[in-house]
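Working notes for the structure below.
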Amino acid sequence: MSEAFFEEAALIAAHDEANGYEAVVPPIVQTSLFTFGSYDEMLSAYRGEIVRPIYTRGLNPTVRHFETMLAALEGADDAIGFASGMSAISSTVLSFVQPGDRIVAVRHVYPDAFRLFGTLLKRMNVAVDYVDGRDEEAVAKALPGAKLFYMESPTSWVMEAHDVGALANLARAHGAISVIDNSWASPVFQRPLSLGVDLVLHSASKYLGGHSDVVAGVVAGSRELIARIRGEAYPYLGGKLSPFDAWLLVRGLRTLPVRMKAHQDAALSIAKRLQDHPLVEEVCHPGLANRLPPGLLGTSGLFSFILRDGVDPRRFADTLRLCKLGVSWGGHESLIVPGAVVLAQKAQPNSAEAFGIHPRSVRLHVGLEGTEALWSDLEAAFTAASTN
Ligand SMILES: *Cc1c(COP(=O)(O)O)cnc(C)c1O
């Protein structure tokens with residue numbers, strides 16, 4: 001794709017903001033196609049002489065608006081929006097590997113990424129080796145010959161946090177393209193590109209959207225790497241972000257910094273109280289360590305804890321009222337997932353075991369309901385779960 005594509009697309013986003021109505025919220029360009037005024041105009045567009053939307057799978061102004069905002073937030077040249085986080089992950093990885101290649105990944109990556117690596121990529125004869133990302137020697141030992149280095153930090157159950165900049169430098173030294181799933185921290189608390197990572201991706205279904213009403217993904221990086229993804233995997237696999245979902249994400253991004261601070265403060269407060277609670281064995285929250293790993297500027301609302309032996313996880317879960325039982329996270333609402341339920345899942349390969357999920361662990365997302373209200377809810381659940 002030409003330079004002009006990106007410049008023109010940025011203009012479209014800016015123009016869209018003006019939109020002719022002085023509307024503070026941009027309109028949704030909810031259309032599958034864009035018509036031409038003449039044969040010659042269509043011909044010029046096909047020849048690439050003029051850049052304008054033709055078909056929404058290729059270019060849509062509302063989607064471009066979101067991509068431009070996210071690229072700015074991550075300090076990237078460009079970004080591409082996808083229909084889901086998994087679509088962003090699969091399109092990104094498939095843009096850079098071919099049969100015979102090897103990927104090095106930190107252990108405990110998102111379960112469906114783990115399954116993508118263990119099924120489709122394996123069938124394509126792409127090998128994936130897992131390493132403990134906290135062990136830089138192990139990473140350096142695994143990297144020679146790897147095409148891609150895939151990170152997620154912190155990991156989303158046991159919360160292993162890495163020195164992302166150091167790992168990115170190792171990858172670069174070995175000629176591997178580095179990719180990080182930054183969904184947990186969001187660009188508010190971690191800017192991987194500024195730490196030397198090549199590509200940063202998100203499940204936008206989590207904090208970027210922030211209201212639990214959209215499933216989407218995004219990848220951001222240098223013009224050159226994003227052009228590789230935009231040139232093949234994006235159009236051919238076709239996991240395009242829809243204009244309406246892009247519009248919801250533009251809305252979500254406006255409040256991202258405020259929400260992230262609220263999630264951080266409430267979650268840290270709850271994590272510290274859990275750490276002192278007699279019915280809790282261990283709390284996994286990166287903010288409880290003496291210091292955050294370099295590059296991590298803050299902590300979000302997702303962490304896990306392990307109940308002491310004898311505490312009934314079923315009664316604990318069923319007593320909660322404010323905090324719901326539900327997968328996903330990043331929205332306004334508090335949610336738990338009991339580890340024992342995940343361990344019972346039949347999906348193959350089973351990432352729960354690879355994750356090291358403790359059967360008495362509980363993953364908690366701290367929402368925006370207020371710390372005291374959530375703590376009362378948790379205390380009632382502890383009381384109910386301990387009396388037998
Ligand atoms: C949810 C999630 C994904 C997958 O995103 P979807 O939008 O559900 O496809 C990827 N990585 C992490 C860390 C996630 O939590």
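Every number for a ligand or one of its atoms is a count from 1 in the order of the listing.
With respect to atom 9 (O) of ligand 1, the closest heavy atom belonging to the protein is M86 N, 2.8 Å. Taking atom 5 (O) of ligand 1 as the reference point, the nearest protein heavy-atom neighbour is S203 OG, 2.9 Å. Of the protein's non-hydrogen atoms, K206 NZ, 1.5 Å is the one closest to atom 1 (C) of ligand 1. Among all non-hydrogen protein atoms, the one lying nearest atom 6 (P) of ligand 1 is G85 N, 3.3 Å. Nearest to atom 7 (O) of ligand 1 among the protein's heavy atoms is S205 OG, 2.6 Å. For atom 4 (C) of ligand 1, the closest non-hydrogen atom of the protein is Y110 CE2, 3.4 Å.
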- Check against ring-ring contact (aromatic ring centres under 6.0 Å, His included), H277 and F305: CA-CA 11 Å; H277 199 286; F305 57 94; 9.2 Å; no

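To the nearest 0.5 Å, the span separating CD1 on I89 from OG on S203 amounts to 7.5 Å.
Classification of R360 and E281 as a salt-bridged pair holds, one side-chain N sitting under 4.0 Å from a carboxylate O. A salt bridge links E160 with R107: the distance from a Lys NZ or Arg NE/NH1/NH2 to an Asp or Glu carboxylate oxygen falls below 4.0 Å.
Less than 4.0 angstrom separates some heavy atom of D181 from each of these atoms of ligand 1: 10 (C), 11 (N), 12 (C), 13 (C). Within ligand 1, counting atoms from 1 as listed, the ones closer than 4.0 Å to a heavy atom of E152 are 13 (C).
Looking only at atom types and distance, the side chain of R259 has a donor-acceptor partner in the side chain of T255 under 3.5 Å away.
When heavy-atom distances to ligand 1 are checked against a 4.0 Å cut-off, A216 comes that close only through its backbone atoms N, CA, C and O. Only side-chain heavy atoms of W329 come within less than 4.0 Å of ligand 1; its backbone N, CA, C and O stay farther off.
Screening D129, D198, D101 against K147 for a salt bridge (Lys or Arg N to Asp or Glu O under 4.0 Å) leaves a single residue, D101.
Taking the six-membered ring wherever Trp is involved, the centroid distance between the rings of F316 and F382 falls below 6.0 Å.
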